[in-house]
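A quick note: this is a predicted structure, and the numbers were derived from the prediction, not measured.
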Amino acid sequence: MTSVLGNAVDSLKQAYRSSGADRPFGDPLRSHGVAMEGYFWRFTDPVSGRVVLALNGANQGARGTWSTLGLASHPNGFLHTCVHPLSSAAPDSLGVFAGDAFQGTVDRLRVDLAPDARLDVEVRDAVPWPRRSFGGSSVFQSVPALNQYWHPWLLGGSAHGRAVVGDETWELDGWSVYAEKNWGKGGFPDSWWWGQAQGFAEPSACVAFAGGEVTAGPIRTTVTAVVVLLPDGQLVRLGDPVVSPVRAEVTDERWVLRGRSAQWRVDIEGSGSLDQAHVLPVPLPDERRNVPGAIEHMGATMHVTVRRRGRIVWEGTSDLAALEHGAIDRARAEVLRRGHGEDAVDAPPVRP
């Protein structure tokens, strides 16, 4: 009986986690085994004004596993994305792999998509997410079968390595590092917004937000989460609908977020030119293909003001912010507006 009961409990735990959920004090870095588990790294250098991003969507559908891979950079406007037939994600730690094309772990990232699309970076002096109770999705991480979860697991660090982006080779020595995961049972939501910034006057400051339509069965709501790592190391997170709601007004060129709790208020204003944004793909896991999904600015402006009990405790501006507006129909229309074909799944910025 003890063995049967133990097996039943283990099965329930596995079913709960494979729905995408994590219990309080759980580990959201491990693979969940849902339809899409996205891994994203961003490297910022305010001295040179350069940014590099790398992404891996570990997908599984009716026809097996596969990957959505990408490497992009700013200000040279480089972009390379592809479908890769291999995909695996570590069940006991953070790790995502696509053969020799992509290997990402907590302290190393290697990308080899083409001779002109390569990255090999070691992460030192990591600044991980500091709270064990909940991740970026807060209490929502414990709700089973949501269409999307989010966790910014790396809020700083120092990159050391090299990137080949188009016909340029960049040394990434001392660049700031940010990394996150997002995952869900059905890929991406119908509509979403996202942003991230380092490169403030205070190098240790980091800001990230993610919002969109969250669904679980017949339940549908819109939620936005905001995370600010202050220069003194204190973490502020807002976005629980009852106790710390965040309002978001978003277009393809402007982001305005207002969040508050009993103690904190965070105001974020961001802007960028649509022509200078990258259009990135998102996966359709069951169809084993990518489609245009996200309009992402890699060198936008973000201004952040943080108040505690009405008093400003930090204010900063970054001109190397990432700002994203996501929806498949919107992104496809932008790809076509730029003169790409019906089958195109991405687009680099428009050159003057």
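- In terms of modelled atom types and a separation under 3.5 Å, the side chain of K185 and the main chain of L146 share no donor-acceptor contact.
- One finds the CZ atom of F102 at 8.0 Å from the CG atom of L113 (value rounded to the nearest 0.5 Å).
- Of all heavy-atom pairs between V227 and P152, the closest is CG2-CG, 4.3 Å.
- Remark: R108 CZ is packed, more than 12 non-hydrogen atoms of other residues, nucleotides or ligands lying under 6.0 Å away.
- Distance check: E122 CD to R110 CZ gives 10.0 Å after rounding to the nearest 0.5 Å.
- Nearest heavy atom pair, residue A21 against residue P144, reads CB-CA, 3.8 Å.
- Note: the hydrophobic cluster containing L235 also contains V127 (ILVMFWY, side chain heavy atoms under 4.5 Å, direct or indirect links).
- Checking side-chain atoms of R30 against main-chain N and O of P91 turns up a donor-acceptor pair under 3.5 Å.
- Aromatic pair F40/W194: centroids less than 6.0 angstrom apart.
- At most 12 non-hydrogen atoms from other residues, nucleotides or ligands lie less than 6.0 angstrom from CZ of R260.
- Taking the six-membered ring for Trp and the full ring otherwise, F209 and W193 have centroids separated by 6.0 Å or more.
- Counting non-hydrogen atoms of other residues, nucleotides and ligands closer than 6.0 Å to CG of D100 gives a total of 12 or fewer.
- One hydrophobic cluster holds both V51 and L53 under the rule that ILVMFWY side chains link at heavy-atom gaps under 4.5 Å.
- Remark: the backbone N or O of P231 is paired with a side-chain donor or acceptor of S204 at under 3.5 angstrom.
- Put simply, the side chain of H151 gets close to the backbone of G136: a donor and an acceptor are under 3.5 Å apart.
- In this structure, R17 contributes its side chain and G33 its backbone to no donor-acceptor pair below 3.5 Å.
- Checked for salt-bridge contact, E269 and R254 meet the test: a charged N lies under 4.0 Å from a carboxylate O.
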Check the pair H297, Q276 against side chain to side chain donor-acceptor pair (under 3.5 Å), reporting the backbone distance first and the verdict last. CA-CA 7 Å; H297 303 255; Q276 297 308 304; over 6 Å; no
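- Taking the six-membered ring where the residue is Trp, the centroids of Y149 and W183 are separated by under 6.0 Å.
- Without hydrogens or angle criteria, E324 side chain to I295 main chain gives no donor-acceptor distance under 3.5 Å.
- In this structure, Q198 contributes its side chain and P203 its backbone to no donor-acceptor pair below 3.5 Å.
- A donor-acceptor pair is defined here as one N or O able to donate and one able to accept, closer than 3.5 Å; such a pair exists between the side chain of S318 and the backbone of L320.
- Counting only residues at least two apart or on different chains, the side-chain hydrogen bond (donor to acceptor under 3.5 Å, both in side chains) pairs with a member in residues 73-88 are S67-S87, S73-N76, T81-D346.
- Counting only distance, with no hydrogens or angles, the side chain of D286 and the backbone of A62 share a donor-acceptor pair below 3.5 Å.
- Across every non-hydrogen atom of A248 and L257, the tightest pair is CB-CG, 4.1 Å.
- To the nearest 0.5 Å, the span separating CG on D267 from CZ on R258 amounts to 4.5 Å.
- With hydrogens and angles ignored, the 3.5 Å screen pairs a side-chain donor or acceptor of R338 with a backbone N or O of P348.
- Note: H303 and W255 fail the aromatic proximity criterion, with ring centroids not under 6.0 Å apart.
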I'd like to know whether V306 forms a side-chain contact (heavy atoms from CB on, under 4.5 Å) with R265, so could you lay out the CA-CA distance, the side-chain angles of the two residues, the decisive distance to 0.1 Å, and finally the verdict. CA-CA 6 Å; V306 181; R265 174 173 170 176; over 6 Å; no
List the steps, then state whether side-chain contact (heavy atoms from CB on, under 4.5 Å) holds for W192 with V282. CA-CA 12 Å; W192 70 93; V282 297; 4.0 Å; yes
